[in-house]
Visitor: 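Structure in structure tokens, see below.
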Number of protein chains: 2
Amino acid sequence: MRPLHPKSKEEILAIAIPLFAGSGYSGVSMRTIAQNVGLSAAALYHHFPDKQALYLSAMAQAFVDKADSLEKILSSSATSEKRLSQFITRLCELVHQDNDFSMLIQREMMNGDEARLQLLATEIYHDLFQGVTELCQELNPQHDPYLLAISIIGLVMYHFQTAAIRPYLPHSKEQHNDPQVVARHVTNLVLLGLKTA
Amino acid sequence: MRPLHPKSKEEILAIAIPLFAGSGYSGVSMRTIAQNVGLSAAALYHHFPDKQALYLSAMAQAFVDKADSLEKILSSSATSEKRLSQFITRLCELVHQDNDFSMLIQREMMNGDEARLQLLATEIYHDLFQGVTELCQELNPQHDPYLLAISIIGLVMYHFQTAAIRPYLPHSKEQHNDPQVVARHVTNLVLLGLKTA
DNA sequence: GTCTATAAAGGGATAGAC
DNA sequence: GTCTATCCCTTTATAGAC
């Protein structure tokens, strides 16, 4: 029987990415992926040699083209305050609409493979992080630009990385998941914290 | 044959905690834990009814000791600014000296198991988080205390959760891993950000 | 390109001896 | 309190038909 919709690698990865992001490498079986894609487990091995290869392809796919719009904001001609505000807002939007991205990165950082970490830092993070440190230096040269850059990125990322458990904490509200609300909160905290420093 | 060194729950948990921190729940088998403890897998079931219970005990064990010193700071009679500063400093110290702690928390927060998330939020995180939100409300009632509490905790945690990859980023220095330096940076950012709000 | 069937290994958990 | 032995299920991966 010929399948009505033969699956491409991209279709499989689109299903696998949120699964790996949500449960990690060992928390997702090939059967689970196959079931979600609508294939038998064996069929996956026609597209990828093994589970590791499927996982690494999913990582690469998830990282594609995420940094472009952020770098465009950083290198615009607006005031440094405006660029900070726009950067935070855009990062909130990106992470909100594709939280798998930050989850995968976080899991990768915790798995401690030095070679993969170095690759991640130099190939994916470097230019963007460099741009943020330069913006930080413009905003307030008295601060350590590295620490400030980590803080700004961390402020945004942490709100969305904790999205799964935050609803069960006291005082949780629907709006706390709204990227606009989080962006405004973070922007205020950082901008005001810098002005008086 | 009588065992020379019968194992206590605490001894088992002390072995299990770094294993779960490093590889996550599904990345660690009962056989692996048993092997590291120096027991057969079956013996573990004398101490814990199942793997879930062992894991939850490990989480509680890893967290309760830490939470105590933090809650003591939150409920002290110092000014709210002093309590914030001390809380941030203590959290930096805790997370710096015991990386398993933050790794376990982060893995748990990214985990998709709704039932376990709810249990952890209500049974383990609730009181501490409640204390932080109350402090936030004291510091500046105009801010959303929930968002501010997440931001404060996230600012600290992110610096240490990214410790593995940060050395490969531009402008990285040795001092960026010093809990005192990070604590001062975060405290300044938050306190100044609130004063002018 | 996908299927069914299956091998081989590893996982959680229990039974019963000591 | 711990052991060995075992049950039964899941997992990764392969073989071969269509």
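By convention in this document, chain letters (A, B, ...) are assigned in the order of the sequence lines, proteins followed by strands, and residues within each chain are numbered from 1. If you're wondering where the values come from, they're calculated on a predicted model, not measured in any experiment.
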Visitor: Show every salt bridge (charged side-chain N to carboxylate O under 4.0 Å, His left out) that has at least one partner inside residues 128-138 of chain B, sequence neighbours left out.
Guide: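 Those involving residues 128-138 of chain B are B:Arg83-B:Glu138.
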Visitor: Identify, with sequence neighbours excluded, every residue that meets side-chain contact (heavy atoms from CB on, under 4.5 Å) alongside B:Tyr45.
Guide: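 side-chain contact (heavy atoms from CB on, under 4.5 Å) list for B:Tyr45, sorted by chain: B:Met30.
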Visitor: Round to a whole Å and report the spacing from NE2 of B:His47 to P of D:dG1.
Guide: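 The answer, rounded to whole Å, is 6 Å.
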Visitor: Nucleotide by nucleotide, 5' to 3', does protein get under 4.0 Å of the base (B), only the sugar-phosphate (S), or neither (-) in nucleotides 3-14 of chain C, counting heavy atoms?
Guide: BB------BBBB
Visitor: Under 4.0 Å from OP1 or OP2 of C:dT2: is there any side-chain N or O of A:His46 that close?
Guide: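 False: A:His46 side-chain N/O out of range (4.0 Å or more) of C:dT2 OP1/OP2.
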Visitor: Enumerate the salt bridge (charged side-chain N to carboxylate O under 4.0 Å, His left out) contacts for residues 29-54 of chain A, please, sequence neighbours excluded, ordered by first and then second residue.
Guide: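 Counting only pairs at least two positions apart or across chains, no salt bridge (charged side-chain N to carboxylate O under 4.0 Å, His left out) contact touches residues 29-54 of chain A.
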Visitor: In whole Å, I'd like the distance from the CZ atom of A:Phe48 to the C1' atom of C:dG1.
Guide: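 Value for this atom pair: 14 Å.
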Visitor: Looking at residues at least two apart in the chain, or sitting in another chain, which of them share a side-chain contact (heavy atoms from CB on, under 4.5 Å) with A:Arg116?
Guide: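 A:Tyr55, A:Leu56, A:Glu108, A:Asp113.
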Visitor: Name all residues meeting the side-chain contact (heavy atoms from CB on, under 4.5 Å) criterion together with B:Thr187; count only those two or more places apart in sequence or in a different chain, and write none if there are none.
Guide: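 Per chain and number, B:Thr187 pairs via side-chain contact (heavy atoms from CB on, under 4.5 Å) with B:Ser85, B:Ile88, B:Leu191.
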